[in-house]
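Notes follow the structure.
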Amino acid sequence: MPSAVDIPRNGVTKFTNCRLLRAGSLVEGDLWVSSFTGKIIRSQEAFYDEYIVPDEVVNLGGRILAPGLIECQLNGAFGFNFSTLMGDMSQYGKELRDLNRKLIQTGVTSYVPTVTSQTRELYHKVLPFLGPSGHKQSAEDGAESLGAHIEGPFLDPARHGVHNINVFREAKTWEDLEECYGAENINPAGNSEPMPVKMITAAPELGNMTKLIPEITSRGIIYSIGHSGATYEDASAAVGAGATMITHLFNAMNPLHHRNPGIFGVLGLKESQPRPYYGVISDGIHLHPTTVKIAYNAHPDGFILVTDAMHMVGLPDGSYTWTNGGKTMNLVKRGTQLLLEGSNTLAGSTITLIECVSNFISWTGASIPEGLKAVTATPAAMLGLQGVKGTLDGDADADLVVLSAEKDGAAVKLVVDEVWKFGARVFKSNT
Amino acid sequence: MRLIIRDNVEAASRYVANYIIDRVNHFRPTPEHPFVLGLPTGSSPMGVYKILVQKYKAGEVSFRNVVTFNMDEYIGLPRDQEQSYHTFMWKNFFSHVDVLPSNVHILNGNAPNLEAECIEYEQAIKAAGGIDLFLAGIGEDGHIAFNEPGSSLASRTRVKTLAYDTIVANSRFFDDDIERVPRMALTVGVQTVLEAREVIAIVLGPRKALALQRCVEEPVNHMWTLSSLQMHPHAMTVCDENATGELRVKTVKYFKSIEKVAREAGFKQILPSKMRTGMVAPLTPPETVIHESDSPTILQPQPTTSRMLLHTAPANEYPVRSTSPDPVFDRMASRIDDLAINRAITPEPVFDRMASRIDEPGLTRRLTPQPPMATEITS
């Protein structure tokens, strides 16, 4: 009558005694994942239909179990910058794999590798490496690319940041984009091979960019407003044309003026109208903490935390060279601050995404679920990956982080204890 | 029947949970010799499940070799919907303990053939060796499982239409929308429950007080199906103080006193040892045999499927129906003690011709011809 004692291994892990990030709150419960399918399992169905008993039970001792973090703006890390040309491009692939394995240890299980304003040649060579890698469903490969984000070069020279304005240009037609990025990189291949580019940041007021937005979005590419001097009217027109994202809100754009609200103003649209998602860098340098709070309250469902980290993240303080759009420059890292040498120009950050979440929670008094939502469910929704990434619902990818929350007064520090990718553990902290 | 009264819901639930754990651990179940547990759903047993889960996590009990049978399930409700009893059991119990999915039995309310589902369920219970302990809740109308008022006390697993009271009561699980409550359910029968070797009913809260009173103090009655527990040799009802509101003071005092006396005297009212530990004899489900002449005229439910009660219980078969004895024809006079009358035997009648009683020989001679016998006609 009772079933046999020998139960074949099924790759199923059950997390128990955990606080699950579900529907905007932390709820006590269990979660089942399969390393065979790489998915989160609907445990009740598995139990009743397939007689599945987990191979392994992981007791989290009341810690938080959240979807793996999703990074929407990362320029590089651990000494490797995505906007790098190498004599031997196979070396690029090797360094990228290295980065992915290290990046996942920070809790980022999937991300959008960002390429800044660069030469045509660099785009053509680099983008094929950066396309979505999730279809391989390989946990050992580390963090998964969700497709590349090209930040440039159709940007406003007046708001270039550290981008090299020598490569900036304007687009009149779709062909201009194809010429710049490579047609095969921004057109669906029609076979199973995924298209490399997922997102393009461009200034909508330049050239014919606003008119080109439907061309971009119709190919499944997200159009993001950024590095732009757009007025409120320009930005509204871009949103009307299909822009669904704002790249690092407040940075490299006109500040909010009460008579000209600028790009920020589109967040003030009526609740019933489409409002874009927007990335916010909460490293304490790019934006004042209060600004972050205002940005959050403007449209909480669109709020996405990004690092905009450069390749010095994970490296010691010091001066680092970087070839940017054919020009070599020195960047100085001091703590989490990254400046162009000899200036006060911010050159991206060197913060990790989980630190951004901790900052955001500590500064705004937001709850932990609200903070985590900005790096899980919201970016997943922005990227059109609802139900696949950024959620603990059944059938979603089993990308998970185990977090400890250390409270110090009002400050909250989230620490990544474990990382799971496609149902397999890929990182466990020593402490 | 034992009636255990505890101060509050928590204490009553803890008593039941501890009792179940004690039984399981004493039984020392193995894969070949599992403990078979009948389980209810609803709000009454929630506390019991919670404590069982706690104790499992504390390592005090394992359900690895426990086979479970659930009482009932709605018909037509998607299995994984929030209100289904599959979901209830998964959320409140199965997902937290080490019970094997292959050992879990819940009626399938979406089976293509519901009748067959019920028959198979009864067979599965028998194949598992019968239920060692059936935990039950109770409705406000005294129903056990979905055996609504008026259910036959001899009923078995079957399709049951829910009483309106039950639909209203259960609508609290369906956002108070009566329309969404299924109208029918599959349920084990009263008889199925009574055949368990032991039955425990947990009755909590003032709303159950009337039902408890009817089932404990009033006669066995199909309008309060839990009252059938009175016929069970090893039944126990555990309630909180609030549920005793309709009982007589005398009744409450009585049951409290026997528990107190037993405790003071250092003994417990316990099951026969073979029932407590189980017997490691090979398992052959007993056949149901109907003794045409010996069966009692009043139904006396007895555990039937037990492999161990074959030896321990006074009766190990349950008669499916009682039979009236064949009539024995006797002389009326033999029933009268007066010997004189008894001796005055009425002579056997002598059959003669009517004509022979008439003195006139002429008539006597005129013989009426004998009527032909039927056999002669046909031959």
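In what follows, chains carry the letters A, B, and so on, assigned in the order in which the sequence lines appear, proteins first and then strands, with residues in each chain numbered from 1.
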Practice item. Would you indicate whether A:Asp408, at its atom CG, is surrounded by more than 12 heavy atoms from other residues, nucleotides or ligands within a distance under 6.0 Å? Key: no
Study note, to complete from the structure: Okay, A:Ser43 and chain B: the region with an atom under 4.5 Å from a heavy atom over there is both
Practice item. Work out which heavy atom in B:Val104 is nearest to a heavy atom in A:Phe47; give both atom names and the distance. Key: CG2-CZ, 3.8 Å
Study note, to complete from the structure: In short, A:Gln44 meets B:His86 closest at the heavy-atom pair NE2-C, 3.6 Å
Practice item. Find out whether B:Met89 and A:Tyr48 are in side-chain contact, i.e. whether some heavy atom of one side chain is under 4.5 Å from a heavy atom of the other. Key: yes
Check your understanding: Within a radius of less than 6.0 Å around CD of A:Gln273, do more than 12 heavy atoms belonging to other residues, nucleotides or ligands occur?
Key -> yes
Review point. More than 12 heavy atoms of other residues, nucleotides or ligands under 6.0 Å from NZ of B:Lys55: is that the case?
Key: yes
Review point. Checking B:Val99 against chain A: side chain, backbone, both or neither under 4.5 Å from a heavy atom?
Key: both
Review point. Are side-chain heavy atoms of B:Lys57 and A:Asn17 found at a separation under 4.5 Å?
Key: no
Review point. Does any non-hydrogen side-chain atom of B:Pro101 lie less than 4.5 Å from one of A:Ile52?
Key: no
Exercise for review: Report yes if the side chains of A:Thr16 and B:His96 come closer than 4.5 Å at any heavy-atom pair, otherwise no.
Suggested key: no
Review point. Counting only heavy atoms not in A:Gln386, do more than 12 sit closer than 6.0 Å to its CD atom?
Key: yes
